[in-house]
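Remarks on the structure that follows.
Letters go in sequence order (proteins before strands), and every chain restarts at 1.
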Amino acid sequence: MESQEADKNPVVQRLRQWDAEAVSEVIEFRGETTVVVPRTHLSRASAYLASEPFLYFAFLSDITTVDRFPIEPRFEVNYHLLSIARSDRLRLKVRLPGNDPSLPSVTSVWPTANWHERENYDLFGIRFEGHPDLRRILMPDDWEGYPLRKDYPVEGPR
Amino acid sequence: MTPTTVETPTGAAQTMVLNMGPQHPSTHGVLRVILELNGEIVVKAEPIIGYLHTGIEKSCEAKTYSQVITLTDRIDYLAPLSNNLGYCLAVEKLLGLEAPKRAQYIRVLLTELTRIASHLVWVGTHAIDLGAMSVFLYTFREREEIMKIFEYVSGQRMMTSYFRVGGLALEPPPGFLDKVRRVIDALPGHIDEYEDLLTNNRIWLGRTKGVGIISADDAIAMGCSGPMLRGSGVAYDVRKAFPYSSYEDFRFEVQTQTAGDCFARYQVRVAEIRESIKIVRQAMEKIPKMDGPIRTEAPGIIPPSREEMKTSIEGLIYHFKIYTEGFAPPPGEVYQVIESPRGELGFFVASDGSAKPYRVKVRAPSFVNLQSLPKLAVGRLIADVVACIGTTDIVLGEVDR
């Protein structure tokens, strides 16, 4: 749902001016802005958002995935950005198909992404290309399956 | 991790790989750190976590929105009310509701008491880690007084679940503010005592000053928050930057230090206890002048009051429906952030329009802060690793969730 309100958001306008293709959708809900970015544009968009002086999203608060099984594209990876200088927040969302849940790592832009990406790999099986050390982090190394996926039973594997 | 060859003043030598934890008194839970050592100097440090992983986020998906509150207590068990608040605010945001002003002020009062209690545990345990036994006994004495307040208000010392979606679980019992006043009036003197024992103590200074330094840029890049970030000179506090639960009505200063070492983080935490006392005092002044309900009114979402449930048919139906089926927020996603004692605590809640959350993600400050441990510890002695783990103020329940 694209509202006019979201279009007035200066961050969204700025992103659009920079590269119109980097913004495939803008969602405004409860005062929070979500920008849907194609995965091909994630690396460039994140580097731009982190370094552009007007935007300065230097702080990556969180990375989390939502599994929309059985809907395709199945996975939504959310990046919660924070600009301490401007007291502003932004959510980037990347949609991924269930048969190829991979996207470029953002550890070179935000080093803190390292453990967040490992957690998403561990619990959802999202592969972050270019991650320096993509291993399980919370589950045992020899665990099978990805516990937070919707087709994984709450009681655990049988 | 495998040993490597390093140059030492007496010629080439092999490093030693040492396993610290998961059962180690200084790790405050079950944290394992693999250290690669050159003599006593840390060359590499790698935290291994997950020993306390209980799948709280997965369990949330199988519970109704109200049932999840009891799980949030158990994430960060030193600050259960902060977790309750973060989650309740997230669900309220999803619903488009707000708690009544009086409930918001009581929430502020109690979460600030939580911050004091949590920082007291930190001062005490950190002092024990570094060899100062007595401070621990004093801080736990004061913490117990705060725990008694929680028990008086909610019936539980730790797993309070006192904040509910839309307000509070119960009206605070009579005499509640008097109890708080008694504790708060005694606290500043006690904090002076701890400072007498520690702040100018030469051993304490030797163990913390210049140890575990992280620069402001590194702290931001590593996603550090809370006292970790403010100890490095970044004045970022969620309570000021994104006020929630009426924090904009309270006067307090964001405490920062520029050194970025363990001592700076100690100073920030002690100063924060004093600021929290100020906030609690302001709340104590304001709360008696307010009246009105402790829960907002939203038929079908927020349970009706006891009287209404007993006297009106609608009230009874809503009561029954809320406690059997729960309530269903509109589809959407929200990310609510609060300042927990450990830093930026975020709750990401996604709804698909059913009575159970589709996804709950906890952005745990301990998890993120712990990630910078190698940055703090590398190049220091093994003994300093203990100080570094201590000042990141991790709660393993929150790290592993």
Side-chain angles (χ1 to χ4, degrees), chain A residues 1 27-32 34 50 56 58-68 71 76 78 80-91 93 107 109-116 118-120 122-124 133 135-141 143 147-150 152-156, chain B residues 46-55 57-59 61-63 90 92-96 217-225 229 234-236 238 240-242 330-337 344 346 348 350 352 358-365 367-372 375 399-401:
Chain A
M1 189 177 63
I27 304 160
E28 193 82 17
F29 183 69
R30 304 287 189 226
E32 293 179 7
T34 308
Y56 204 64
F59 191 102
L60 176 71
S61 177
D62 189 34
I63 303 176
T64 182
T65 306
V66 179
D67 181 5
R68 296 284 177 193
I71 301 166
E76 294 175 351
N78 297 295
H80 291 105
L81 313 185
L82 162 68
S83 171
I84 293 176
R86 296 189 304 109
S87 286
D88 193 14
R89 288 183 186 277
L90 182 72
R91 182 185 302 132
K93 190 190 279 284
T107 42
V109 181
W110 297 290
T112 179
N114 190 319
W115 278 22
H116 290 302
R118 277 179 69 186
E119 189 185 329
N120 281 285
D122 189 358
L123 304 176
F124 283 99
D133 184 24
R135 284 179 294 136
R136 286 193 181 271
I137 185 163
L138 294 174
M139 304 301 286
D141 288 337
W143 195 264
L148 275 181
R149 286 190 176 187
K150 285 285 176 185
Y152 190 99
V154 181
E155 313 82 55
Chain B
E46 195 194 337
I48 309 284
I49 59 171
Y51 294 95
L52 271 184
H53 180 61
T54 46
E57 289 172 10
K58 184 81 175 175
S59 306
E61 293 171 11
K63 305 234 175 289
E92 283 162 16
K93 199 175 191 182
L94 201 54
L95 290 162
D217 287 342
D218 279 348
I220 290 176
M222 294 307 289
C224 294
S225 53
L229 187 60
V234 182
Y236 171 67
V238 185
K240 278 268 191 251
F242 304 95
E333 293 160 354
V334 291
Y335 185 60
Q336 174 67 44
V337 171
E344 171 159 315
F348 172 82
D352 62 346
Y358 193 72
R359 167 97 171 99
V360 177
K361 159 78 204 224
V362 187
R363 191 267 184 202
F367 175 82
V368 188
N369 288 350
L370 181 60
Q371 196 181 172
S372 53
K375 268 217 153 53
V399 172
D400 297 339
R401 280 158 285 138

Distance in Å, [X] [atom1] paired with [Y] [atom2], rounded so as to fall on 0.5 Å steps:
X	Y	atom1	atom2	result
A:Asp67	B:Arg359	CG	CZ	9.5 Å
A:Glu119	B:Arg401	CD	CZ	4.0 Å
A:Asn78	B:Phe348	CG	CZ	4.0 Å
B:Phe367	A:Leu138	CZ	CG	6.0 Å

Next on the checklist: Once ring-ring contact (aromatic ring centres under 6.0 Å, His included) is applied, do any residues pair with A:Phe124, and if so which ones, sequence neighbours excluded?
Outcome noted: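 Not a single residue meets the ring-ring contact (aromatic ring centres under 6.0 Å, His included) criterion with A:Phe124.
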Checklist entry - Under the ring-ring contact (aromatic ring centres under 6.0 Å, His included) test, which residues partner A:Trp110, sequence neighbours left out? => result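 By the ring-ring contact (aromatic ring centres under 6.0 Å, His included) rule, A:Trp110 matches no residue at all.
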Given a strict heavy-atom distance threshold of 4.5 Å, which part of [X] is in contact with chain B: side chain, backbone, both, or neither?
X	value
A:Arg91	side chain
A:Arg135	side chain
A:Asp122	neither
A:Ile63	backbone
A:Thr34	neither

Exercise: identify the closest heavy-atom pair between [X] and [Y]:
X	Y	value
B:Arg363	A:Leu60	NH2-O, 4.4 Å
A:Glu76	B:Glu333	OE1-OE2, 3.2 Å
A:Thr112	B:Gln371	O-NE2, 3.1 Å
B:Ser225	A:Phe59	CB-CZ, 4.4 Å
A:Pro147	B:Lys58	O-NZ, 2.9 Å
A:Arg30	B:Pro330	NH2-CG, 3.4 Å

Next on the checklist: When you measure from the side chain of A:Lys150 to the backbone of B:Tyr358, do you find a donor-acceptor pair of N or O atoms at a distance under 3.5 Å?
Outcome noted: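 At least one qualifying donor-acceptor pair exists.
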Heavy-atom pairs under 4.5 Å with chain A are the metric here; pick the option from [options] that has the most.
options	value
B:Ile48, B:Leu94, B:Asp352, B:Leu52	B:Leu94
B:His53, B:Met222, B:Glu61, B:Lys361	B:Lys361
B:Cys224, B:Ser372, B:Ala350, B:Ser59	B:Cys224

Less than 4.5 Å to any heavy atom of chain A: does that hold for the side chain of [X], its backbone, both, or neither?
X	answer
B:Tyr51	neither
B:Val334	both
B:Leu229	side chain
B:Pro47	both
B:Val337	side chain
B:Ala241	both
B:Glu344	side chain

Next on the checklist: With a sphere of 6.0 Å drawn around OH of A:Tyr56, does it hold more than 12 non-hydrogen atoms of other residues, nucleotides or ligands?
Outcome noted: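 No, because the 6.0 Å sphere around OH of A:Tyr56 holds 12 heavy atoms or fewer from other groups.
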Next on the checklist: Pairing donors with acceptors under 3.5 angstrom, does anything connect the side chains of B:Tyr335 and A:Thr64?
Outcome noted: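 Their side chains do not contain a donor-acceptor pair, so the 3.5 Å distance test is not met.
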Item to check | Pairs of heavy atoms under 4.5 Å with chain B: top-ranked of A:Ala50, A:Ala113, A:Ser61 | outcome: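 That would be A:Ser61.
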Checklist entry - Which of the residues A:Ala58, A:Pro140, A:Pro111 is involved in the greatest number of heavy-atom pairs with chain B at under 4.5 angstrom? => result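 Answer, by heavy-atom pair count under 4.5 Å with chain B: A:Pro111.
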